[in-house]
Amino acid sequence: MSEILNNYLENNFKNDLNKKESVKIRIEQLLSRGLDDENLIISLIEKELKENFVVPKKLKAEMYDKVNYMCRRYMDRIARFELDYDFVPDIDALKYALICIFEAAPVFHSQFIDNHIVPYWKVCDYHIDEVLSVIYTDDFLKCADEFLLKDIPVTSNVQFTVGLLIKGRESKLCFAWNHMLVDGGDYKHFVIDLFRNYNAYIQNKTMPLDFRTGTRSYKSVYEDFPDELKSKANLQLAGVSPHDKHTLPFAEKTENDEKFIARKSVPSAIFNKARETVKKYEGTVNDLIATAYIASVYEMCNLPENERVGISCAVDLRRYIKNIKRTGYTNHTTFMPCVVKGKGENIFDILKQVVECNKKNKQDKFMGLHGLPLLNFAYSSMVYIQAEFFVGLFYNNANLAISNVGAMDLDALSLNGNKPIGAAVAGAAKKKPCAMMTALTINGNLQLSICSVGNEEDKKMLEKFFGILAEKIKEMAEY
């Protein structure tokens, strides 16, 4: 231990030997994890002492943790994100910021214990090298796929991994994490908090350490409801799904199927014109994406004009939380149906139906909350193995679905003034016949992806699907 840290112990805890010993153990733990900046260690410990924070040995498995774990039968439970920069970040500063956010949210370095009665998170020791991998490469795309498509077993010491890919003076930051921990909505909060602390360290050699440490419970979405609506919100027992059996034309499953990511970029010139067209129909970007997806399903699957098609659209339940800082990094996403009754004469007939359907959904005071009380009843009234079986009977895993992460805040994602020049999102690798499309917007460009488990034939099929989808957006742009 350095002289600075020894002096800190002697000067601040000489009259309290028990406290001195516990702080010494914590210092040694932080050093063993790769945090070797003495002043930052002291700042972190001072914050923990002020807030009476003690690293727990285990954490409660929340309802959404259990739901996402149950979904292992459909997907690999790993979410993925990429950010591109035309510079190389400071590796030590990135390591320090990652350690500090991991210390604030111990679930990131925990194993999920699949106890058949009451599962939980066992908090584990770790080293930053298990979290951050620095990789020099000549092929960003190939290297990114290799990193992002790796498994993160629930038995791992860390459930969140970061890859810093370096190619000359350019870099790509790849984030992969167990979806049981965090959805796309809170990933955005996570990375913004991470980068804010990185930037502060670069500029001042210290960090604000302003990470979220609140509850991860799904019940946070109810706390800000007025009293007269709170009880009704907690009684939305009926599940909501499009009950649609359509699928994209995947090949038959084989033992040789592997995970892959299919990607598509729609340039800003086309996407922005399409957005302006959709606005004339009182539609949103989500309506645009859903319309293009549904229209592409009709064409790809050669469906009759009067065929009903329904997809699931992700809904961020943080819309109900007034102060997000009181919650921890967690999941607050559900799905709502978007259904059209027929193809109509052109894509604008589909757009009108999508806008109408989504408007109707938004008029529901409890949009997205349907079925949550039923899930909670199952997981709280039964032992876990029974609850998983029961929930699995009525849980609907949509074959056709979309999730729009939204526009990237370039300033919030800047690293010491260097804004990202590109970004991409890919959800969990879904097993066939699920086709979950994820989307984001950066610099006006629409980035789309589908992560799947299949073969080369499946990848070509999804690339064809994306080609059709891009043409559907172009149709709206040229209106």
Would Arg212 and Ile324 count as a side chain to side chain contact (heavy atoms under 4.5 Å, CB included) if you check the C-alpha gap in whole Å, the side-chain angles of each, and the deciding distance to 0.1 Å? CA-CA 9 Å; Arg212 286 162 46 195; Ile324 198 66; 3.9 Å; yes
Check the pair Thr254 / Asp257 against side-chain hydrogen bond (donor to acceptor under 3.5 Å, both in side chains), numbers first and verdict last. CA-CA 6 Å; Thr254 71; Asp257 285 351; 3.0 Å; yes
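- The residues Lys167 and Glu170 are annotated as not salt-bridged, no charged nitrogen and carboxylate oxygen being separated by less than 4.0 angstrom.
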Check against side-chain hydrogen bond (donor to acceptor under 3.5 Å, both in side chains), Thr327 and Ser220: CA-CA 7 Å; Thr327 68; Ser220 297; 5.7 Å; no
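- Two residues are said to be in side-chain contact when any heavy atoms from C-beta on lie closer than 4.5 Å; Tyr379 and Val67 meet this criterion.
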Just do the side chain to side chain contact (heavy atoms under 4.5 Å, CB included) check on Leu164 and Ser171 with the steps written out, would you? CA-CA 7 Å; Leu164 173 57; Ser171 65; 4.0 Å; yes
Please report the C-alpha distance between Lys460 and Glu457 in whole Å, then the side-chain angles of each, then the deciding distance to 0.1 Å, and finally whether the side chain to side chain contact (heavy atoms under 4.5 Å, CB included) criterion is met. CA-CA 5 Å; Lys460 289 179 181 177; Glu457 185 179 340; 5.9 Å; no
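- Within the model, atoms OG of Ser156 and CG of Asp151 stand 9.0 Å from one another, a figure rounded to the nearest 0.5 Å.
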Full working for side-chain hydrogen bond (donor to acceptor under 3.5 Å, both in side chains) between Tyr384 and Glu388: CA-CA 6 Å; Tyr384 176 70; Glu388 182 170 286; 2.5 Å; yes
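- Judged by a 6.0 Å distance limit and a 45° cone about the ring axis, Arg318 is not positioned over the six-membered ring of Tyr320.
- With salt bridges taken as basic N to acidic carboxylate O contacts below 4.0 Å, none links Asp364 and Lys359.
- Ion pair Lys172/Glu82 flagged as a salt bridge, since at least one NZ, NE, NH1 or NH2 atom sits closer than 4.0 Å to an Asp/Glu carboxylate oxygen.
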Could you go step by step and tell me if Asp193 and Tyr329 meet the side-chain hydrogen bond (donor to acceptor under 3.5 Å, both in side chains) rule? CA-CA 11 Å; Asp193 291 345; Tyr329 304 107; 2.6 Å; yes
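- Under 4.0 Å is where a charged nitrogen must lie from a carboxylate oxygen, and between Lys325 and Asp210 no such pair does.
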